[in-house]
Number of protein chains: 2
Amino acid sequence: MSVPRQERGPTIVDVADLAQVSVSTVSRVVRKHADVKDETRARVQAAIDSLGYQPSPIARALVAGRTRLLALLVSDIANPFYPQLARSVEQEAKRGDYTVVICNTDDRAVETRRYLERLLLQGLDGVIHASVSHDEAVVHELLPDRRRVVFTNRPPTDPQASYVVSDNAGGAEDLTRYLLSIGHRRIGFIGGPKFATNAVARVEGFRRVMTEAGEPDPLVAEGDFSAEHGGKAAIAWREIPHPPTALIAVNDSVALGALEALIDRGLKVPDDVALAGFDGVQLAASPLVNLTTVDQHIDRMGRRAVRVLLRQLGRRAGPTASEVLPTQLLVRGSTDSTLRPPLQGLVPGRGGASPAGGRKGRAEKAS
Amino acid sequence: MSVPRQERGPTIVDVADLAQVSVSTVSRVVRKHADVKDETRARVQAAIDSLGYQPSPIARALVAGRTRLLALLVSDIANPFYPQLARSVEQEAKRGDYTVVICNTDDRAVETRRYLERLLLQGLDGVIHASVSHDEAVVHELLPDRRRVVFTNRPPTDPQASYVVSDNAGGAEDLTRYLLSIGHRRIGFIGGPKFATNAVARVEGFRRVMTEAGEPDPLVAEGDFSAEHGGKAAIAWREIPHPPTALIAVNDSVALGALEALIDRGLKVPDDVALAGFDGVQLAASPLVNLTTVDQHIDRMGRRAVRVLLRQLGRRAGPTASEVLPTQLLVRGSTDSTLRPPLQGLVPGRGGASPAGGRKGRAEKAS
DNA sequence: GTGAAAGCGCTAACAG
DNA sequence: CTGTTAGCGCTTTCAC
């Protein structure tokens, strides 16, 4: 393993030599810490500038036990929800002079463990946990200090744990009420895995409202967060006696899978079946998709999560903090045919008619 | 800044004490380096196990000047191309016991500089540069050792630089020839920024084939990689005297933007205008999109890039290596109406006809 | 105000 | 085969 060694720049000793002071004085100047005589400070600063000296984070980390490194744990970077979250997390972290590492867990606790073990040894300072895996125990085991972690996207079980999540149940309630209000009675919920507490909360909200509406035992399909699951569930329900007239997917990705599968079967959305998602990813707003959804304000959630984490990291004994953010229902063409439907009527060259074309109503209306 | 200090686990000294040997012996055992008597090794190993000792990467990095940390520079994690690339890069890096940090440059050289400065100080070992920004000079300035960087996605200018890229020109040529072969003469190319060498190569391939076909001055719209740009260019060309009958977008994201804009105007794809992309992102295969594209085999590209980088990192004097990977044309409904068109004929509830439904031909055929 | 000295946890000669 | 000895580059008492 004769690997090339990183060339190092000037060290604190070089600066000290040049400025004719001790290293401790240089250290003080660099950290603008204790009192240093103005003149000395100036001399040291000049030496720093002329050498282009920059302190080594590695050495600092060795001494301080801190790295200004945060990890963002996501389920699947290929699910558009996570890149959106990642961008906002990264941006906010940058403002606090932290760097973010993105880690894909694939919702497997073993991956959570792998990353955490590795990065903690590497000197990780904190974790933004946006993955929904059944791994809370692992996190608490590896990071017993609750202040170093903030859960987002899904609420944690541990009452001590810090989190920034959406009002998942409330959002699902709003959405369900809306579907009932436009006349749907048979509504199917394409759910996520039962270890995902955000998915569970959404199902609960749905169930609650349905029960209130006199539909105490609505259709619910458990599964994972894959588009395939969405597609399969949507199709399976076409075969049953009284197929649902509306579907709610546990998130936009699953909704997209359902939409694709429905299209594949030649079904019309929203006329044959209405469809809604949850998250509010950008893609859902595309005219190709035009999906009714519950907006989590992903950017805000990411920003808030970082703020909360940095606050906890910043003081010695501060308690953990938590936030529940409101959601917003976005009604689009996939449930409301007076708006543009998910898909314009573009038909193959031979046969089939084309629609009126152009816009049909506003593309979207907030709840 | 009274920040909580990371609790540290047992150190090498603890192990040495327990095993009644010197730290160097422990170090040897840990690194399975020099010869250690079996009995000693066993004793040390027992101590390691009982203490649950794990060496500190930070201290190692301080001594070795290496961290087993790689950075993946991407233009925009929200462009589906990059998450797909990131997954394969991450996976391959994991196999070599490296950890990958994903960095968004937004295609701004200043961001490249920011990340690189920061991470190099942090002890970054190598860089997979998949962002296409005009920042090659910055990279070479900050990382003069060419072995520490591999460019992917876009070919670098520096002849010494290592890279793993697709045959961008060739892919564009294949695509253009295909469009000509199905009868298109007026083809518009929605290009990217001129600082992006991959985009430039694609335009060149396009121009070459068009010239050969007797269309020496085809439509080309320069711009950025945004979906907006795709939409605007596609629309703008509807207004000119002889609008193109086919469009090629510099990548799938731009193509998606164009598709959305065309739909928005009530135009039919591929009948009013055919549309193709470049990249081969998963979304392009969706029945909602069904986009003809040039497959870059993103996963393979990411894997190869990591391999090349790790090889260069691994030996002291090995020369830099480079690879150009072949592409594959994927013909789908956005250019071939005998396949399923991008959008099934789903029309609003009132008015408009619905299509035959079900599949129309194979969803896709390789070139 | 400033400096000297002792590490942080590990690796890497160099001796035995 | 194994131990001793220097550091890696920085922070941090504790003196002066």
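Quick note on labels: first sequence line is chain A, next is B, and so on, each numbered from 1.
Donor-acceptor pairing under 3.5 Å is recorded for the side chains of B/Asp135 and B/Thr112. Donor-acceptor pairing under 3.5 Å is recorded for the side chains of A/Thr105 and A/Ser131.
The distance from atom CG of A/Leu62 to atom P of C/dT11 is 12 Å, rounded to the nearest whole Å. Atom CD1 of A/Ile12 is separated from atom C1' of D/dC10 by 6 Å (rounded to the nearest Å). When rounded to the nearest whole Å, the span between CD of A/Gln54 and P of D/dG9 equals 15 Å. If you measure from atom CG of B/Asp14 to atom C1' of C/dC8, you get 13 Å, rounded to the nearest angstrom. Distance, A/Arg43 CZ to C/dG1 P: 15 Å, rounded to whole Å. Atom CD1 in A/Ile58 sits roughly 10 Å away from atom P in D/dG9 (whole-Å rounding). Between A/Arg41 atom CZ and C/dG3 atom C1' there is a gap of 17 Å when expressed in whole angstrom units. Counting to the nearest Å, the P atom of D/dC10 and the CZ atom of A/Arg68 are 17 Å from each other.
Other residues, nucleotides and ligands place no more than 12 heavy atoms under 6.0 Å from the CD atom of A/Gln91. The environment of A/Tyr115 atom OH is dense: over 12 non-hydrogen atoms of other residues, nucleotides or ligands sit within 6.0 angstrom.
Between the CZ atom of A/Arg300 and the CZ atom of A/Arg307 there is a distance of 11.5 Å, given to the nearest 0.5 Å.
Nearest heavy-atom pair across B/Val149 and B/His129 is CG1-CB, 4.3 Å. Heavy atoms only, all atoms of each residue included: A/Glu90 and B/Cys103 are closest at OE2-CA, 4.0 Å. In plain terms, the two heavy atoms of B/Val44 and B/Val15 that are nearest each other are O-CG1, 4.2 Å. Between A/Leu62 and B/Leu62 the shortest heavy-atom distance is CD2-CD2, 3.0 Å.
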I'd like a table of atom pairs between the protein and nucleotides 12-16 of chain C - only N or O on both sides, under 3.5 Å - with the distance next to each one.
| from | atom 1 | to | atom 2 | distance (Å) |
| --- | --- | --- | --- | --- |
| C/dA12 | OP2 | B/Arg31 | NH1 | 3.0 |

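Looking at heavy-atom distances under 4.0 Å, B/Val30 makes no contact with the nucleic acid at all.
Rounded to 10°, the angle separating the first-five-pair axis and the last-five-pair axis of the helix from C/dG1-D/dC16 to C/dG16-D/dC1 equals 40°.
Side-chain proximity of B/Val21 to D/dC10, D/dG3, C/dG1: nearest is D/dG3. The side chain of A/Ser22 approaches C/dG3 more closely than any other nucleotide in the set D/dG9, D/dT11, C/dG3.
Side-chain N/O atoms of A/Thr25 include one lying less than 4.0 angstrom from OP1 or OP2 on C/dG3.
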